[in-house]
Amino acid sequence: MGIFDRFKKNTPAPENDSTNLIYELLFCDNIELYRNPTQGNDYPWMILFAENPATEDLIRIVNDENAETRVKVLAANILHAKGQTLEPKKLFAVIVEVGLDEGLDVLASFADGTARYINYTGRILVWETTDETSNALTSDLFRESTHIVNKIGPWNQPRKPRPPKGNTRISFLVSDGLYFGEGPIQVLFNDPMAQPAFTAATSLMQYLTSKAV
């Protein structure tokens with residue numbers, strides 16, 4: 001059991017450092033969390049960790065079809081901080097968080113078809129091997145999410161803390177910043193604009209967890 005389909009009361013699950021780190025890595029807004037001594041001068045890290053990376057190098061990462069989506073988000077964030085605008089606007093990731101009585105359920109779907117699911121118990125599902133079904137479900141989620149992104153604006157302040165119990169949040173990592181919507185679980189799940197995206201996210205989560213089992 002997990003995200004979207006159950007809101008019963010139970011004992012809250014304890015948090016741990018590894019789960020917290022995985023959660024923070026989803027948002028790609030703290031590049032220092034990605035620093036690893038073994039990366040050395042490897043591409044693209046030599047660009048991303050440069051003191052003043054060249055704009056053209058960062059754009060090359062964003063447009064690199066072989067680059068992992070989270071790496072592209074890091075590059076896009078640096079470009080955004082430098083005042084550079086990417087056209088057309090790119091949606092890189094959709095992250096759904098549900099504040100249950102037991103803890104936080106999180107599904108993160110990335111444009112390259114990979115995903116992460118953090119269950120409120122602290123169990124983590126890492127989806128790296130895509131297939132035809134998961135790709136189709138990811139495409140559905142991104143299509144519905146794009147409709148939302150096109151109707152709202154970016155959040156120009158630091159990312160908010162995790163949603164509290166009883167709230168859900170859907171975040172969009174976009175080339176021009178973070179977009180999100182938040183509200184009570186039942187309200188947001190029944191919102192005409194948000195509901196199709198939540199339905200798509202639920203279908204993706206259910207498929208990924210079924211394959212993991």
Side-chain angles (χ1 to χ4, degrees), residues 3-4 19-35 44 47-49 53 55 58-59 61-64 67-99 104-118 138-164 166-185 187-189 191 193-198 200-201 204-205:
I3 201 167
F4 308 153
T19 303
N20 288 336
L21 177 59
I22 295 296
Y23 173 85
E24 293 297 328
L25 289 171
L26 299 177
F27 294 89
C28 309
D29 54 5
N30 183 354
I31 195 170
E32 289 303 317
L33 295 179
Y34 286 83
R35 193 178 290 276
I47 298 171
L48 294 173
F49 288 124
T55 296
L58 294 168
I59 292 175
I61 294 173
V62 172
N63 294 328
D64 187 346
E68 180 185 351
T69 295
R70 288 185 298 170
V71 167
K72 295 184 179 187
V73 181
L74 294 171
N77 285 343
I78 297 173
L79 284 167
H80 185 59
K82 291 162 69 79
Q84 301 292 326
T85 301
L86 289 171
E87 295 293 347
K89 184 161 56 180
K90 298 177 183 290
L91 173 60
F92 295 113
V94 182
I95 303 172
V96 178
E97 303 170 74
V98 180
L104 190 67
D105 255 14
V106 186
L107 173 71
S109 174
F110 298 94
D112 57 8
T114 61
R116 304 287 186 272
Y117 170 51
I118 305 175
T138 299
S139 295
D140 289 344
L141 175 56
F142 272 71
R143 182 183 63 252
E144 299 299 344
S145 296
T146 298
H147 294 326
I148 301 174
V149 169
N150 289 338
K151 294 178 181 178
I152 64 177
W155 175 253
N156 294 318
Q157 300 180 43
R159 173 164 51 92
K160 296 178 66 176
R162 305 176 187 198
N167 266 28
T168 187
R169 180 185 301 156
I170 183 167
S171 300
F172 311 97
L173 307 189
V174 187
S175 54
D176 62 344
L178 172 68
Y179 292 58
F180 78 93
E182 181 175 346
I185 293 173
V187 172
L188 207 57
F189 269 73
D191 178 81
M193 182 168 64
Q195 190 272 336
F198 280 115
L204 176 61
M205 182 280 301

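Note that these values count all heavy atoms, side chains included, but never hydrogens, waters or copies made by symmetry. In this chain, numbering begins with 1 at the start of the sequence shown. All values reported here derive from a predicted model rather than from experimental measurement.
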| request: Could you go through the side chain to side chain contact (heavy atoms under 4.5 Å, CB included) check for I185 and V98 one step at a time? | output: CA-CA 7 Å; I185 293 173; V98 180; 3.7 Å; yes

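Using a distance-only test at 3.5 Å, with no hydrogens or angles considered, a donor-acceptor pair links the side chain of T69 to the main chain of D112. Remark: side-chain polar atoms of K90 are not paired, donor with acceptor, to backbone N or O of K72 under 3.5 angstrom. Looking at N77, its side chain never comes within 3.5 Å of a backbone N or O of G177 through a donor-acceptor pair. Listed for the S145 side chain is a donor-acceptor partner under 3.5 Å among the backbone atoms of L141. A donor-acceptor contact shorter than 3.5 Å links the side chain of T168 to the backbone of E97.
F110 and A93 make their closest contact through CD2-CB, 3.5 Å (heavy atoms, listed as atom of the first residue, atom of the second, distance). Considering every non-hydrogen atom in both E144 and P196, the closest pair reads OE1-CB, 3.4 Å. Closest of all the heavy-atom pairs between P53 and I78 is CG-CG2, 4.0 Å. Minimum heavy-atom separation, E182 to P164: OE2-CD, 3.7 Å. Shortest non-hydrogen contact noted between L26 and L173 is O-CD1, 3.5 Å. Across all their heavy atoms, F198 and F189 have their closest contact at CD2-CZ, 3.8 Å.
Geometrically, R70 does not engage F92 in a cation-pi contact, judged by NZ or CZ lying under 6.0 Å from the ring centre and within 45° of the ring axis.
Note: L74 CG to Y34 OH = 5.5 Å, rounded to the nearest 0.5 Å. The structure places OG of S109 at 12.5 Å from CE of M205, a figure rounded to the nearest 0.5 Å. How far CD1 of I61 is from CD1 of I47: 4.0 Å, rounded to the nearest 0.5 Å.
Proximity of L25 to Y23: side-chain heavy atoms (C-beta onward) are nowhere separated by under 4.5 Å. By the 4.5 Å heavy-atom criterion applied to side chains, L33 and L21 are counted as neighbours. Using a 4.5 Å cut-off on side-chain heavy atoms (C-beta onward), F49 and I31 make contact. With contacts defined as side-chain heavy-atom distances shorter than 4.5 Å, the pair L86/L79 qualifies. For the pair V62/L58, no side-chain contact is recorded, criterion being any heavy-atom separation below 4.5 Å from C-beta on.
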Please list every donor-acceptor pair under 3.5 Å in which a side-chain atom of residues 151-158 meets a protein atom from a residue at least two apart or in another chain.
from	atom 1	to	atom 2	distance (Å)
W155	NE1	Q157	O	3.1
W155	NE1	P158	O	2.9

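A salt bridge between E24 and R159 is present, with a side-chain N of the basic residue lying under 4.0 Å from a carboxylate O of the acidic one.
With sequence neighbours left out, the ring pair (Phe, Tyr, Trp, His ring centres under 6.0 Å) criterion links Y179 to no other residue.
Under 3.5 Å, the side chains of R162 and N167 contain no donor-acceptor pair of N or O atoms.
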